[in-house]
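This report refers to the structure that appears directly beneath it.
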Amino acid sequence: MNGEPLTILLVEDNPDHAELVMRNMEDFQVANSIIHVEDGEAALDCLYGRGKYADRKLFPMPHLMLLDLRLPKVDGLEVLKEVKGDADLKALPVVILTTSDAERDSAMAYEYHANSYVTKPVSFDEFSTLLRDLGFYWLAWNKRPW
Amino acid sequence: MNLENLKIFAVKARRAVNMAALPVVAMVVVAVTLNYAISAFFLSDAEEKIKNILLSHRGLHQYIQKVMHPAFYKAREQGEISQDFYAPEIFSSSFVVRVDHGFYNEELKKAGLPEIYYKLASNNPRNPVNKADEFESSLIKMFNENSEISEFKKVVNIDGKKYLYFAIPFLETSNACIRCHGKREDAPQGLQALYPGQGGFNEKAGVYRAIESIRVPVSDEISTAFILTCSLSVGIIAMFMLFFFNRRLKRTVDKKTYSLEAEVVERKKKEDDLEKKNAELERFAYTVSHDLKSPIITIKGFTGALEKDLLKGNYERMAGDLKRVSDAADRMNDLLCDLLEISTVGRVVNTSEAVDMNLLVEDVLAQLEGPLRNSDIKVTVQSDLPPLFCDRQRMCEVVQNLVENAINYMGDQVDPHILFGVREESGVKVYFVQDNGIGIDEKYHENVFGLFNKLDAKSSGTGIGLALVKRIIEVHGGRVWVESDGVGKGSRFCFTVGRNF
């Protein structure tokens with residue numbers, strides 16, 4: 001790690017799942033900070049720095065977005081569509097992290113240019129390994145857009 | 001065939017006869033008119049021919065009487081001819097014309113044409129061949145009594161053959177005629193010698209002494225007219241029938257087309273319904289798999305974390321993690337109960353009845369008294385709600401879920417208020433639950449009724465309430481929707497129940 005502050009935006013409506021993700025991320029110390037929002041509207045507000053997310057010091061532009069699909073208000077696919085359709089945001093790596101392994105969901109996610117699509121593993125060990133690998137790959141190995 | 005079928009058959013037959021009667025009568029009238037017109041056309045043609053011949057004969061009579069007689073008398077006065085000389089071959093116009101017609105007939109025969117029957121008929125003829133029969137006598141009488149009538153025509157039947165009979169009066173008897181047709185003793189000696197009886201004498205001037213008649217066969221013309229009429233009639237009948245059958249065929253085809261179109265529309269509707277149902281089912285399966293998997297991940301995840309912490313001897317967060325596991329299991333149980341609940345709607349049907357909505361709403365509000373009091377919500381119920389024909393128990397669930405929904409999404413309204421009422425929209429009663437809570441953005445108006453869909457992750461409940469309401473209302477053949485001017489403006493959930501309920 002080169003000491004740069006790295007931020008993950010976690011969009012997850014299930015507080016338990018969010019807790020599991022954050023605990024694992026903290027354990028592996030891949031990111032300096034995790035911003036957790038519970039719905040698609042908040043995710044977009046955070047990305048655009050709108051409303052209560054206007055302060056970029058508190059809510060910096062994330063380097064990775066972990067996005068659930070089934071979300072209250074604005075659906076995960078809608079968020080993805082918006083991000084990938086925005087000139088300033090489209091470079092942001094978006095990893096779909098969801099319970100759904102439905103064919104339709106992954107197809108739609110790739111249709112909207114998701115960078116990756118992973119299904120939450122039921123096993124705790126696999127869940128941990130996945131998050132570790134995911135964090136290292138996208139934040140360390142992968143050349144970040146910013 | 002039983003009696004009932006026989007009756008139906010009789011009615012149908014009578015109707016067919018009634019339907020056929022008018023065209024048949026019309027056809028007969030047309031045929032008769034046609035036949036008359038065509039016959040008249042042919043007969044007038046024959047008539048003209050006959051009249052020509054008779055007029056030509058009259059011309060010859062005139063010539064003899066007006067040219068030959070004066071010349072003859074002059075020669076006699078001058079003594080060139082004896083006073084007593086008489087010869088019918090020279091003097092009698094009826095003789096000359098009769099013989100002339102005889103020659104004419106011979107010529108016709110030579111030319112291969114049919115002979116034409118000619119007769120000069122008189123009541124008082126010199127020559128018995130000119131004697132009028134009863135019919136001809138009556139014609140002579142008729143012409144004498146009706147001076148305005150100049151001709152007589154009739155189609156007569158002789159020995160089974162049809163003839164056109166045509167007669168005109170012979171020249172009026174003049175003073176010149178009386179020389180030979182007056183008293184016998186005044187006539188020339190030669191004439192007296194030639195005709196011994198009183199025949200042809202004692203005539204008076206100024207009357208019609210005879211008629212001239214011709215008859216020609218018209219069987220050919222009449223049968224031609226008949227054949228023409230028949231063919232024309234057949235043609236017209238054929239056209240009429242073609243028109244009739246074409247119209248019937250068109251009507252049948254139209255009817256069939258309409259029914260086919262209706263069938264296509266209905267089938268399309270069924271297909272759409274099925275498609276909708278399929279999509280709904282797919283959504284349902286998706287939702288169920290997603291929402292049931294969620295707590296499993298939580299349970300597995302936190303038991304894993306607990307195991308790890310236990311090994312490390314890290315006990316701080318174990319109580320919290322255990323609660324998460326327990327809550328997730330409870331949540332799963334709730335979801336399964338809800339699923340069971342929604343699956344029974346439409347499957348388990350209670351008998352519908354006329355439900356007093358005033359009582360029903362009162363009951364539901366009594367059940368929700370606790371939560372309503374806790375949130376300090378004021379409830380108004382419109383008085384005299386009309387009764388609703390529905391499944392009472394299910395309707396209770398509908399009202400309960402809508403009121404609970406209003407309670408859950410009241411937000412931090414300082415003066416929370418719920419109104420239960422009814423309004424009429426194009427003859428349909430629309431019941432509604434209105435609140436002044438957080439309201440719903442228009443883009444979520446459809447979404448809120450989705451299974452396990454929640455607009456606020458933190459709100460209580462599994463998100464089945466409105467999905468259940470929608471399912472129950474759909475089973476009742478009605479419609480449910482939400483009206484809201486937007487966030488912070490409150491919501492009004494409306495529903496109707498189908499007519500047959």
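Labels below follow one simple rule: chain letters A, B, ... track the order of the sequence lines, proteins then strands, and each chain is numbered from 1.
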(request) Check whether more than 12 heavy atoms from other residues, nucleotides or ligands sit under 6.0 Å from atom CD of B:E316, and answer yes or no. (result) no
(message) Given heavy-atom pairs under 4.5 angstrom as the criterion, report whether the side chain, backbone, both or neither of A:E41 touches chain B.
(response) side chain
(message) Using heavy-atom distances under 4.5 Å, tell me whether B:D321 contacts chain A through its side chain, its backbone, both, or neither.
(response) side chain
(message) Name the residue from A:N14, A:T98, A:D68 that meets the side-chain contact (heavy atoms from CB on, under 4.5 Å) definition with B:S294.
(response) A:N14
(request) Report, as yes or no, whether the 6.0 Å neighbourhood of atom CG on B:D412 holds more than 12 heavy atoms from other residues, nucleotides or ligands. (result) no
(request) To the nearest 0.5 Å, tell me how far B:I299 CD1 sits from A:F124 CZ. (result) 14.5 Å
(message) Looking at B:K308 and A:D125, is there a salt bridge between them, counting it only when a charged N and a carboxylate O are closer than 4.0 Å?
(response) no
(request) Verify, without hydrogens or angle tests, whether B:K300 (side chain) and A:S123 (backbone) share a donor-acceptor contact under 3.5 angstrom. (result) no
(message) Can you confirm whether more than 12 heavy atoms, excluding those of B:E341, are under 6.0 Å from its CD atom?
(response) yes
(message) If I compare all heavy atoms of A:R23 with all of B:A305, which pair ends up nearest, and what's the gap?
(response) NH1-CB, 3.8 Å
(message) At a 4.5 Å cut-off on heavy atoms, which part of B:E282 comes close to chain A: side chain, backbone, both, or neither?
(response) side chain
(message) Please check if the number of heavy atoms outside A:R56 that lie under 6.0 Å from its CZ is greater than 12.
(response) yes
(message) Counting C-beta onward and ignoring hydrogens, is there a side-chain heavy-atom pair between A:E19 and B:F302 closer than 4.5 Å?
(response) yes
(message) Tell me the closest heavy-atom pair linking B:K293 and A:T99, and the distance in Å.
(response) NZ-O, 3.0 Å
(request) Determine the minimum heavy-atom distance between A:K120 and B:I297, stating which atoms define it. (result) CB-CD1, 3.6 Å
(message) Quick check on A:D75 against chain B: is it the side chain, the backbone, both or neither that has a heavy atom closer than 4.5 Å?
(response) neither
